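Input: a single structure, listed below in structure tokens.
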Amino acid sequence: MKKALFIFLLFSSLSPAIGQSFSIKSVLSYPFPTQLVASPTDGKIAWACNEQGKRNIYVAEAPDYSAKKVTSFSDDDGQELTSLSISADGKWVVFVRGGDHGGRDGGPVNANSSPVAPKMQVFAQPYIGGEMIALGEGDQPVISPDSKTVIFATSGQIKSVPIDGSSTAKNLFYAKGINSAYKYSPDGKKIAFVCNRTDHSYIGIYSDQVTPIQWLMPAFSKDSAPVWSPDNEEIAFVRMQGSGGEADSILAKKHQPWAILTVNVASGMGKQIWKAPETLRGSYPSIEGGANLAWANGKIIFTSYEDGWPHLYAMDSDGSKRMLLTPGNFAVENIKLSNDKKTLIFAANAGKDLADVDRRHIYKVAVDNGNMQALTSGNGIEAFPVMANNDNDLFCLSATAQRPLLPAKIASKTIKLIGETLMPKEFPMEQLVAPKHVRFKAADGQQVYGQLFEPLKKTKNSPAIVYVHGGPQRQMYLGWSTMDYYSIDYALNQYLVSMGFTVLSVNYRLGLGYGYDFHKPLKAGAQGASEYLDVKAAGEWLASQPNIDRNRIGIYGGSYGGYLTALALGRNSKLFAAGVDIHGVNNRFSSVPDAKAPDAELAAHIAETSSPIYYLKTWTSPTLLIHADDDRNVAFNQTVDLAKRFEDKKFDFEFLAIPDDTHHWMKFSNAVKVSEATADFLKRKLMKN
């Protein structure tokens, strides 16, 4: 039997629960900034801001950097704003409206169930404000160095349009395949791009309408990430193996080889200048930005995981004098090259405090030496740095445990917030708690990390919740998340604490921030779900705490966190008394592994036993299933299938299905609805009357 949550949803948002001092809607009312960008020479920045579903562009300009809204979108309609950039002359902000860029299909989204199909469009907005200009349907716009032209992609082909919209967009050139990663040469005369042809890809150079496309060192490989030398004469790029070959073992760990090549554009002659170590750690880094290839001040910059941590390296353009720029046991991300190409700025979970492993601070390092320096420190979270005003002004997105992200200017290691007035009065900042860094061991000895949220007033025999993030390549912090999806969950964790729950957010193996071996563990996922041991350990750790009622421990999570929640409920219902599975992968055996692989039969069996549906006979804990049916990350049929199995089993469960939204709750009202449903379910199942 299944129960819909319609009655609850009609009334729960009207007021806080009894004893609550704030509502879920109020704790989700914060503005969420993304896409922070800066003008290379002027003192100008811009960002997208989601204010309760109403997404707009804000700008701020030297000397005072006061926030100013320059667009006027006024509906919670699920249309995200991405691909922001400021023209070199500082006159335009270009962006994309629409789509779901966190999903496999970034095409148009109709989360508002509009009778008129939404579009995904490129816009140019005057920096000073005024009427924005629709440049055409497409994605991933790039502004020319002279600030006169915008190129963007439509169905894998590249179009060109004047930035002022004085004429309509036209196809710039045709190249078979899906064309992306296009970059103007510094002088603006040529465009390098990646042409993906399924099992191989090329680096191409477009010059003009009469010159044939120049293919750089074409091979039977996958070439990507082209970057120009500052003098316009050379291209550096990444080369990996093409698809194909004999069927490999499914279960065995495999090295993914990669190399960096350079080529002279005029002659077409080039060479491999560096090859990654042929080790598992030397594999192509599956992290934000991949290799993060850059050409800077006579150096080639890249990221490698070869020493067990994702670090920055520099070498001469011939591959000599390779140097580790960021030594230490920490991860680097959000990497940006200064406009003078002499300095790298980035976020890292380094720091003197043991708990800094669960934070992010801003650092810099010169490209020609290893003098890494901290630009921020303390108990806050700083990420996504950018530089403006000829590198004289540094900005980032800043958060704390109680305050969500805001743009900020960094000067002398101090943070000056931008846009504080955008925080709504109803946001309950003073009533939120600061989570504590905790560590404990899984049954196999694996070190597990987490953030413990405790009520301000502790009581005996309290209920508790294990929160499981998705990804799984994610890391939750000792403060507000820098990702919009997880900022919603962070707010929900704060709300659950205000209800009287103790919440443990678990950073399980497969996640980022703790080194290669933690990120790429053995027997994980469909190969044995070893990461579930960390989730179970989180529940057992809570059960061992003196103030926790071990019979009232719940669990919830979304996406990969939904998968692990479902495993918890199926395998350990005695430990986890109730749970909410939000768009989880419930059947890891929904597709058959490569039948030609030598271990295909064994891999299929392990995938089956790594699936929540394998444990239906022992799944007894009350469960709420939530899914939106335009999910581009986890197929909606994963929950349809589980619901049918529950019905056939006569298992009593509750559900919330959301038409037309995606994996990322593009509508604010849906984020509120999902959070309210989760909190209400956990309260009813775990709180004593």
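Not measured: the values here are computed from a predicted model.
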Side-chain donor-acceptor contact under 3.5 Å, K222 with S243: yes
Counterpart residues, ring-ring contact (aromatic ring centres under 6.0 Å, His included), relative to Y560 (two or more places apart): Y563
S317 side chain near I273 side chain, heavy-atom distance below 4.5 Å: no
Approximate separation, where rounding is to 0.5 Å, of L564 CG and H469 NE2: 8.5 Å
T262 (side chain) donor-acceptor with A236 (main chain) under 3.5 angstrom: no
A276 to G282 - nearest heavy-atom pair and separation: CB-O, 3.3 Å
Flag, side chain of Q446 to backbone of Y508, donor-acceptor distance under 3.5 Å: no
Exceeds 12 heavy-atom contacts within 6.0 angstrom, atom OH of Y614: no
Between OH on residue Y477 and CZ on residue R360, distance to nearest 0.5 Å: 4.0 Å
Distance (rounded to the nearest 0.5 Å) between N334 CG and E382 CD: 11.5 Å
Shortest non-hydrogen contact from H519 toward I287: CE1-CG2, 4.1 Å
Separation between CG of N633 and CG of D105, rounded to the nearest 0.5 Å: 10.5 Å
Flag, side chain of E531 to backbone of G525, donor-acceptor distance under 3.5 Å: yes
Heavy-atom closest pair, residues V194 and P226: CG2-CD, 3.5 Å
Approximate separation, where rounding is to 0.5 Å, of H627 NE2 and N637 CG: 8.5 Å
Distance-only donor-acceptor check, side chains K520 and S286, under 3.5 Å: yes
Whether over 12 other heavy atoms sit under 6.0 Å from K649 NZ: yes
Neighbour count above 12 (heavy atom, 6.0 Å) for K275 NZ: no
Check: S530 side chain, K523 main-chain N or O, donor-acceptor pair, under 3.5 Å: yes
K183 NZ: over 12 foreign heavy atoms closer than 6.0 Å: yes
Geometric class of the W619/F646 ring pair [parallel <30°, tilted 30-60°, perpendicular >60°]: perpendicular
Contact check, side chains of N292 and V332, non-hydrogen atoms, under 4.5 Å: no
Minimum-distance pair of heavy atoms, taken over all atoms of D534 and A442: OD1-CB, 3.4 Å
Heavy-atom donor-acceptor pair, T303 side chain to P310 backbone, under 3.5 Å: no
Approximate separation, where rounding is to 0.5 Å, of D631 CG and F636 CZ: 9.0 Å
Parallel, tilted or perpendicular, as decided by the 30° and 60° cut-offs, for the rings of Y485 and H583: tilted
H605 atom NE2, over 12 foreign heavy atoms within 6.0 Å: no
L492 vs Y556 side-chain heavy atoms within contact, under 4.5 Å: yes
Main-chain N/O of Q451 paired to S505 side chain as donor or acceptor, under 3.5 Å: no
Within 6.0 angstrom of K254 NZ, more than 12 heavy atoms from elsewhere: yes
Flag, side chain of R439 to backbone of Q447, donor-acceptor distance under 3.5 Å: no
Side chains of D641 and N586 in contact at under 4.5 Å (non-hydrogen atoms): no
Exam field: side chain T609 to backbone I606, donor-acceptor pair closer than 3.5 Å: yes
SB check D517 R509 (cutoff 4.0 Å): no
Side-chain donor-acceptor pair present, S221, R239, cut-off under 3.5 Å: yes
Side-chain (N297) to main-chain (K341) donor-acceptor, under 3.5 angstrom: no
Note, L452 side chain near W541 side chain (heavy atom, < 4.5 Å): yes
Minimal non-hydrogen separation, D599 against A252, with atom names: OD2-N, 4.4 Å
Aromatic contact, Y490 with F453 (centres under 6.0 Å): yes
Min side-chain heavy-atom separation R571-T618 under 4.5 Å: no
Parallel, tilted or perpendicular: rings of Y449 and H437 (30°, 60°): tilted
Parallel, tilted or perpendicular: rings of F302 and W274 (30°, 60°): tilted
Sidechain N-carboxylate O distance under 4.0 Å for D356, R359: yes
Test item: D661 side-chain N/O and M666 main-chain N/O as donor-acceptor pair under 3.5 Å: yes
Taking every non-hydrogen atom, the tightest pair across G107 and R632: O-NH1, 3.2 Å
Centroid-centroid distance, Y313 to H311, less than 6.0 Å: no
D358 side chain to Y514 side chain, donor-acceptor N/O pair below 3.5 angstrom: yes
